[in-house]
Amino acid sequence: MSAAVSVDAVFVGRAYLGGRFEEVAVAVEGDTIAAVTKPALAPRGEETVVLGPKQLLLPGMVDLHVHMREPGLEHKEDWRSGSMSAAKGGVTCVFDMPNNVPPANTCDRLREKVAKAFSKSIVDFGLYAGCSDEPETLKPCADLFFGFKLYPEDLYSPRARPTFKLAAELGKPVFVHAEDPSLFRDSPLHSEARPPEAEASAVELALELARSTGAWLHLTHVSTKPALERVLASKALGKVTFDVTPHHMLLSDSLYRSPLAKIAKVNPPLRSEEHRAAVYAAARSGAADALVTDHAPHALAEKLSENPPPGFPGLELALHLLLKEVLEGRLPPSAIDLYSSKPARLAGLRKGVIAPGFDADLVIVELAEWSVKGSELVSKAKYTPFEGWTMRTKTVATYVRGRCVYRDGGFGEGGARA
Ligand code: DOR
Ligand code: ZN
């Protein structure tokens, strides 16, 4: 007699299977999804997790743009607090930006960062390499980073073209923060200090660098209507991808005239309603290649100072903001792909999809109404421009490659993989 088929774990409930929700059983063997079946046909699991009637099973989210701040700025965030923030937000894989102190733009510093993240992160991670005067020196450790990141000051420096050339040679993306500093103005209003034209101008330069070198250009946090139109028109001409953020989709520059002005300061700035609506439309139509948080934590005292640094935390809220839009009927369910399957595919990962052969990165969310309070975030940055927003879902549990890293307010060890 043959033994009954058995797997490590089976999740039974309503699951997101690419564009739609379906009642299924998801079988997990080791760190991989082994099968997705009708509940009645599920194999026996060592552990069985039966979802409640108000619960949904989602793939783990993949965030291509975060700042974990370690090494160098651990008072703002570190790999432990930042990855806890991710796990609580249903994010199972983060890609960390190189603007550390010192910047992650040499092989030694990238190796050091991988070691740190390995020992402390409870979610999986990838890294970007920063720009340097000698990009070629990054060749021997090319397997340590997913892509390059150029800030406005890099884009307008002699370092830009060699970085694009090397990226083309290595087949890696160049993530660009597109703003032209020569168009910045003196204004007490942040959105006027860094006007929309600065983004349009920098997008032109980035597109020219990509066209002339053959590199894959990824424009991150695109925030204005003309830039979106230009990027969409350029997609046919070469490998050009872009992402948008929840804050540019959902918030506008009216916040700069409110008590949240300092908290809401971010680069690129929040824009007028016309631009906000265009960013939202790029997400709704599926034109955007990804949603990213640009999780950019700073100490609260820094944010409340005379000249606050730009950025705020995003990892704990992004998925639930997205689900709020879906549940309230403004976005189709397929918008979930923007924060899961689409970024995973860009990064070449078997993640972000509930299907056999993919990593068993799973998130259980529950329908529940709650009010956002910055002071309750697990990030070291305990504030948010979404203060007081009513959410429709909360994270119950998060699994990274089959291991539970978050459940009901408590955190597991995880054990990250780069
Ligand atoms: O708002 C931002 N914060 N924009 C950036 O370009 C950098 C980031 C940070 O690292 O704080
Ligand atoms: Zn950033």
Side-chain angles (χ1 to χ4, degrees), residues 62-83 85-86 91-155 157-177 209 213 215-218 220 243 290 292-297 311 315 343-344 346-349 351 400 414-418:
V62 175
D63 199 320
L64 293 178
H65 188 153
V66 308
H67 299 263
M68 292 305 198
R69 304 296 193 204
E70 186 176 8
L73 297 167
E74 291 86 348
H75 69 287
K76 297 175 192 267
E77 196 77 293
D78 61 39
W79 276 100
R80 181 56 57 118
S81 61
S83 65
S85 201
V91 177
T92 52
C93 187
V94 295
F95 284 77
D96 189 52
M97 287 297 166
N99 60 339
N100 297 90
V101 180
N105 61 0
T106 70
C107 284
D108 279 350
R109 291 175 190 169
L110 284 163
R111 275 188 208 104
E112 203 182 303
K113 189 151 145 181
V114 167
K116 262 283 181 245
F118 253 126
S119 67
K120 293 178 75 172
S121 180
I122 63 167
V123 301
D124 286 342
F125 65 91
L127 302 180
Y128 294 92
C131 204
S132 87
D133 293 329
E134 297 170 320
E136 295 279 320
T137 58
L138 286 166
K139 259 187 178 176
C141 61
D143 56 336
L144 291 185
F145 59 97
F146 163 52
F148 295 90
K149 171 70 186 287
L150 297 194
Y151 286 91
E153 62 273 22
D154 302 316
L155 187 63
S157 81
R159 302 187 290 276
R161 188 170 293 276
T163 305
F164 269 83
K165 275 193 186 149
L166 179 63
E169 189 186 328
L170 296 174
K172 290 183 186 287
V174 185
F175 273 56
V176 169
H177 173 153
L209 285 163
T213 59
W216 166 11
L217 168 65
H218 181 96
T220 189
D243 63 57
V292 305
T293 56
D294 195 2
H295 179 83
L315 278 166
L346 281 189
L349 297 174
K351 284 185 178 292
V400 177
R417 187 174 68 183

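Positions are given from 1 along the sequence.
Put simply, the side chain of Glu134 never gets that close to the backbone of Ser132: no donor and acceptor are under 3.5 Å apart. In this structure, the side chain of Asn100 does not engage the main chain of Pro103 through any donor-acceptor pair within 3.5 Å. Although no hydrogens or angles enter the test, the distance criterion places no donor-acceptor pair under 3.5 Å between the side chain of Asp243 and the main chain of Val292. The main-chain N or O of Val176 is never found under 3.5 Å from a side-chain atom of Tyr151 such that the two would form a donor-acceptor pair. With hydrogens and angles ignored, the 3.5 Å screen pairs a side-chain donor or acceptor of Asn105 with a backbone N or O of Cys131. Judged purely by atom type and a 3.5 angstrom limit, Thr213 has no side-chain atom pairing as donor or acceptor with the backbone of Lys165.
When all heavy atoms are compared, the tightest approach of Cys93 to Lys351 is CB-CD, 4.0 Å. The two atoms that bring Arg80 and Ser119 nearest to each other are NH2-O, 3.7 Å, heavy atoms only. In this structure, Val123 and Thr92 approach most closely via the heavy-atom pair CB-O, 3.5 Å. Annotation for Ala167 and Ala215: closest pair CB-CB, 4.4 Å, computed over non-hydrogen atoms. Taking every heavy atom of both residues into account, Trp216 and Leu346 meet most closely at CH2-O, 3.3 Å. Across all non-hydrogen atoms, the minimal contact from Leu349 to Phe95 is CD1-CZ, 3.8 Å.
Counting only heavy atoms from C-beta outward, the side chains of Asp63 and Leu315 approach each other to under 4.5 Å. Thr137 places none of its side-chain heavy atoms less than 4.5 Å from the side chain of Thr106. At least one side-chain heavy atom of Val94 sits under 4.5 Å from a side-chain heavy atom of Trp79.
With a 6.0 Å cutoff to the six-membered ring centre and a 45° limit on the axis angle, Lys172 does not count as a cation-pi contact of Phe148.
Here Arg69 does not pair with Asp78 in a salt bridge; the nearest charged N to carboxylate O distance is not below 4.0 Å. Classification of Glu112 and Arg109 as a salt-bridged pair fails, no side-chain N sitting under 4.0 Å from a carboxylate O. Comment: Glu70 engages Lys120 in a salt bridge, judged by a side-chain N to carboxylate O separation of less than 4.0 angstrom.
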Can Met97 and Asp294 be said to form a side chain to side chain contact (heavy atoms under 4.5 Å, CB included), step by step? CA-CA 9 Å; Met97 287 297 166; Asp294 195 2; 5.8 Å; no

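Checked against a 6.0 Å centroid threshold, the rings of Phe125 and Phe118 count as neighbours.
Here CE of Met68 is found 6.0 Å from OG of Ser83. Values are rounded to the nearest 0.5 Å. Interatomic distance, OG1 of Thr220 versus CG of Leu64, reported as 8.0 Å (0.5 Å rounding). How far OG1 of Thr163 is from CG of Leu209: 9.5 Å, rounded to the nearest 0.5 Å. Here the straight-line distance linking atom CD of Glu74 with atom OG of Ser81 works out to 9.5 Å at 0.5 Å rounding.
Judged as a side-chain hydrogen bond (donor to acceptor under 3.5 Å, both in side chains), and not counting sequence neighbours, the contacts of Asp108 are Arg111.
Ring-plane geometry between Tyr128 and Phe175 is classed as tilted, the angle between the planes lying from 30 to 60 degrees on a 0 to 90 degree scale.
Applying the salt bridge (Lys or Arg N to Asp or Glu O under 4.0 Å) test to every pair with at least one member in residues 143-154, sequence neighbours left out, gives these pairs: Asp154-Arg159.
The side chain to side chain donor-acceptor pair (under 3.5 Å) with Asp96 is formed by just one residue from the set Lys113, His65, His67; it is Lys113.
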